[in-house]
Amino acid sequence: MIRFDNVSKTYPRQQAPALSGVSLEVERGEFVFLVGSSGSGKSTFLRLLLREERASQGSVHVLGKDLGRLSNWKVPQVRRQLGTVFQDFRLLPNKTVGENVAFALEVIGKPRGQIRKTVPEVLDLVGLGGKDDRMPGELSGGEQQRVAIARAFVNRPLLLIADEPTGNLDPQTSVGIMKLLDRINRTGTTVVMATHDAQIVDQMRKRVIELERGRLVRDQTRGVYGYQH
Amino acid sequence: MRAHFVFSEIGVGLRRNLTMTFAVIVSVALSLALLGGALLARKQVNSMEDYWYDRVEVSIFLCNEVDAETDAACSRGPATEEQREEIAAELESLELVDKVYHETAEEAYEHYQEQQKDSPFASVVTPEQMQESLRIKLTDPTKYEVISSAFAGREGVQSVTDQRSLLENLFNLLNGVNIAAVGLMMLMLVVAVLLIVNTVRVSAFSRRRETGIMRLVGASSFYIQLPFILEATIAGLMGALLACFLLLGVYLGIDGFLAERIPVIDFVGWDAVFSVLPYVLVTGIAMPALAAFFALYKYLKV
């Protein structure tokens, strides 16, 4: 599903690499936490997965594709099989919940009939059934994140990438979101989630990958957030 | 479905940037009107050149009694019949010469009286004062020098004049004006292009949320760029249409007003105006589309 071979990334005009010599593999259906302090390279890791950046050295394989060798015009095809969720939700404030989810399908040219059928289904799945016509501004943070997850999942991605999805939410709401991500994971979707939330990581007991100053320092199945907590 | 989505995006974009869109339309309209105007002026000057150069002659004026006393070139006395025939024969033998027409002093006098019949000079001038001349039509009117170097200073020749040189000044002036118009048009086009580039960037920036999400969910870059490019193209098309109406309006004015008052100039016809419009329209569509494409090229990379 994901394979990093000795991956390094150095940004232009910067001396220290953001990632250096990272090698790892993630299998289909896994749930992986990505932890590490700010600036440890988590965001770079995710950006490489999304092919927003290319590795300076080494190779990144996602869904069997070598992203370093993928030409620009083929990138969208790969991204259609990925779902992405962010800390700040990134919903369109002037579109309803249903339109926000439908937007993801519209812009990749899905037929209208399919959109009309799938959008309510996926909103049901994330627990927002019947809220199609609400505006994002009327919803709580947790509900907004559910909309974002619905949008990320509506095209049934093989891999869901979540960048601190609970970063803006209170603990109870976060638990709800984690239950949802776990449910999505159980449908066979691989989930990679970057987080600072120790409680969640410790509760879930999933695989934990820790980065520190761009290096992979820990890769633990059924791990916890950190040794010193 | 796709089309519906793209067009609703365009509508939103054009309305959100109403003032900028308006500026784009006006600047495109003005620059394209100038483009059309310059093309038409070019046609006009060319047709006038053809018309007038076809009618110009080289004239060899022969000395008469009066010249023999007053003009240094004629100090050896008025031209004799033999001299005239000799010159005429020589002219006929030149390949460059198409036709030679002999105008006698009496004929010159009649023409003069006819042209100047309202002028007080007409009654004072006598046939003796008029010059006998040979009017020459050249096969290639630009080679006037050949005639002037061969016959100027010849016995009995007072002067050799080329009407073309008189017209040339006028046409040089017209061409200069035309070049200035083309220069102005280029400048306006550059302004229009910069304005379009800027408008598209502002538009892309104000919709960076949408485009960001589109990139993430895997919309193709063509699909992401299309609304912006079409937006610029539609504004350009409106500008081009406005330019066409401007051109037609101005021509209507020329056709109805100037043509009546300046009958000497044979103005280009409606067909010429209509033949220019496609260029205006194509430029009006292609230029904004290209400008938008290049404006986005770096801005919306995958």
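In what follows, every heavy atom counts, from backbone to side chain, and hydrogens, waters and symmetry copies are set aside.
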Novice: Is B/Arg209 reaching over with its side chain to a backbone N or O of A/Leu91, donor-acceptor style, under 3.5 angstrom?
Specialist: yes
Novice: More than 12 non-hydrogen atoms from neighbouring residues, nucleotides or ligands closer than 6.0 Å to CD on B/Gln44, yes or no?
Specialist: yes
Novice: Find the one option among A/Gln81, A/Gln77, A/Lys95, A/Arg151 whose heavy-atom pairs under 4.5 Å with chain B are most numerous.
Specialist: A/Arg151
Novice: Using a cut-off of 6.0 Å, state whether more than 12 heavy atoms not belonging to A/Tyr11 lie near its atom OH.
Specialist: yes
Novice: Step through the shown structure and confirm whether more than 12 heavy atoms of other residues, nucleotides or ligands are within 6.0 Å of NZ on B/Lys43.
Specialist: yes
Novice: Sort A/Pro93 into side chain, backbone, both or neither according to what part of it lies under 4.5 angstrom from a heavy atom of chain B.
Specialist: side chain
Novice: Which one of A/Leu92, A/Val154, A/Thr84 has the most heavy-atom pairs closer than 4.5 Å to chain B?
Specialist: A/Leu92
Novice: Which distance, rounded to the nearest 0.5 Å, do you find between the CH2 of A/Trp73 and the OG of B/Ser220?
Specialist: 11.0 Å
Novice: Got a sec: does the CZ of A/Arg156 have more than 12 other heavy atoms crowding it under 6.0 Å?
Specialist: yes
Novice: Within the distance-only criterion (no hydrogens, no angle test), does the side chain of A/Arg79 pair as donor or acceptor with the backbone N or O of B/Val217 below 3.5 angstrom?
Specialist: no
Novice: What distance separates B/Leu216 CG from A/Arg80 CZ, expressed to the nearest 0.5 Å?
Specialist: 13.0 Å
Novice: Are any non-hydrogen side-chain atoms of B/Glu210 and A/Val107 less than 4.5 angstrom apart?
Specialist: no
Novice: Return the minimal non-hydrogen interatomic distance between B/Gly218 and A/Pro76, and the atom names on each side.
Specialist: O-CB, 3.3 Å
